[in-house]
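The structure appears right after this line, and notes come after that.
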Amino acid sequence: MGWVLGACGQTPTSADGAPAEHAERRFEFERVLMGVPFRIVAYGADAEAVARAARAAFARVKELNLVFSDYDPDSELRRLVAEAPSQPKKISADLARVLLLSRRLWEQSGGAFDPSVGPMVKLWRNARRSGELPTPELLAAARARRGFDDLILDAATETVAFRRPDLAIDLGAIAKGYAADEALAVLRAQGFPRALVDGGGDLSLGEPPPSEPGWRVAVEALDDPERAAAELVLANAAVATSGDAWQYVEIDGVRYAHIIDPETGLGLGERFSVTVIAPTGALADGLATALCVLGPARGPALVALHPGVEAWITTPQGTTHCTGKVPGSFPVP
Ligand code: AMP
Ligand code: MG
């Protein structure tokens, strides 16, 4: 979603133009997981072995859906929120890692990235179904349940405790990027590092295709999804895109995106699109959502905290490009 992958390398040929023996070929696989089409592109010489690795990678995403899903009442996260344990409770390593990164992003973004918007996300989904905004009372009640700091996380022991029983957590802004990273890790571990995982717009990229400097990723223009605005050539990195291009509801002539401004409780109204390059998919995914809320005025300060991150924040007024600081690039006082 939001990405067009350019020519990712053809079947390699030998010097005389004939297909090289045992040459790595390009394979592509797709499966709907976490509510989006998950796509794997991988290079390998043995078709059967590549297919096996892709199946294992998809299985890992399926496993992670059982941890993070907001739609499956049996997911680890849904069961945890339903139980809202007041005493420390052991959670999976995957949930602990994603909650830890979420807490960092929550702190660094001044609460613009806030997984405790769960109740507001539910109101937004109802509004999309009914075409009506939630009443001020419902909005106020959902806003009152906000407060990610009411989740006490101990990353060392992988436990959480809830300070309030009505705290609801939604990790939809970060889980797909994490899942793309984990699927790529499976492909690498099975001997296929020249691979790409696309989790519906959250891309984790491994080593480049044979004889290519990187994977070509085209970023769409905000005003015209058919036109590519820029082409990126990347390897061993992740790219995420967030915005209101696909998921929004229009009520009384106002667009509300599926990304919530935690201050108002409503979906963002302005048109926007954010693209983030980061070392990991989880970070790219989380930052992209946070930058949608922060916008071009407040976003660059968050990006500055992350070495190796590059972001474009586009609104109808134009695009703001910002980068994280490279360690060691500052004059020592
Ligand atoms: P993404 O497509 O990665 O930008 O994630 C959007 C999803 O993140 C929404 O569908 C919600 O589940 C969740 N979400 C919405 N607003 C926020 C927010 N301000 N902070 C964290 N998660 C949010
Ligand atoms: Mg996101």
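Atoms within a ligand are numbered from 1 in the order they appear, just like the ligands themselves. Remember, it's a predicted structure, so these values are computed and weren't measured experimentally.
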Output the list of atoms in ligand 1 that are nearer than 4.0 Å to some heavy atom of V121, sorted by atom number. 11 (C), 12 (O)
N/O to N/O below 3.5 Å, does that happen between I260 and ligand 1? yes
Could you confirm whether T289 has any N/O/S atom lying under 2.8 Å from the Mg ion (ligand 2)? yes
To atom 18 (C) of ligand 1, the nearest of G111, A112, A173, A284 on a heavy-atom basis is A112
Any nitrogen or oxygen of R125, side chain or backbone, less than 3.5 Å from one on ligand 1? no
Pair T159, D154: side-chain N/O donor-acceptor within cut-off below 3.5 Å: no
Can Q317 and T315 be counted as having a side-chain donor-acceptor contact under 3.5 angstrom? yes
One thing to verify: whether R55 and E48 come together as a salt bridge, which I'm taking to mean a side-chain N less than 4.0 angstrom from a carboxylate O. yes
For D114, take its heavy atoms, then give the atoms of ligand 1 lying under 4.0 Å from any of them. 18 (C), 20 (N), 21 (C)
Hey, could you give me the CZ/CG distance between R60 and D181, rounded to the nearest 0.5 Å? 10.5 Å
What N, O or S atom of D285 is found closest to the Mg ion (ligand 2)? OD1
Cationic N near anionic O, under 4.0 Å, E107 to R104: no
Enumerated ligand 1 atoms positioned under 4.0 Å from heavy atoms of I259: 4 (O), 15 (C), 16 (N)
Just checking: A173, one of its N/O/S atoms, less than 2.8 Å away from the Mg ion (ligand 2), yes or no? yes
With A47, which residues qualify under side chain to side chain contact (heavy atoms under 4.5 Å, CB included), at least two apart? R25, F27
Can you tell me how far apart NZ (K122) and CZ (R145) are? Round to the nearest 0.5 Å. 8.0 Å
Sub-4.0 Å heavy-atom approach of G243 to ligand 1: no
Tell me whether ligand 1 is touched by P262 - counting only heavy atoms on the residue side and a distance under 4.0 Å. yes
Decide, yes or no, whether a salt bridge links D202 with K176 under the criterion of side-chain N to carboxylate O below 4.0 Å. no
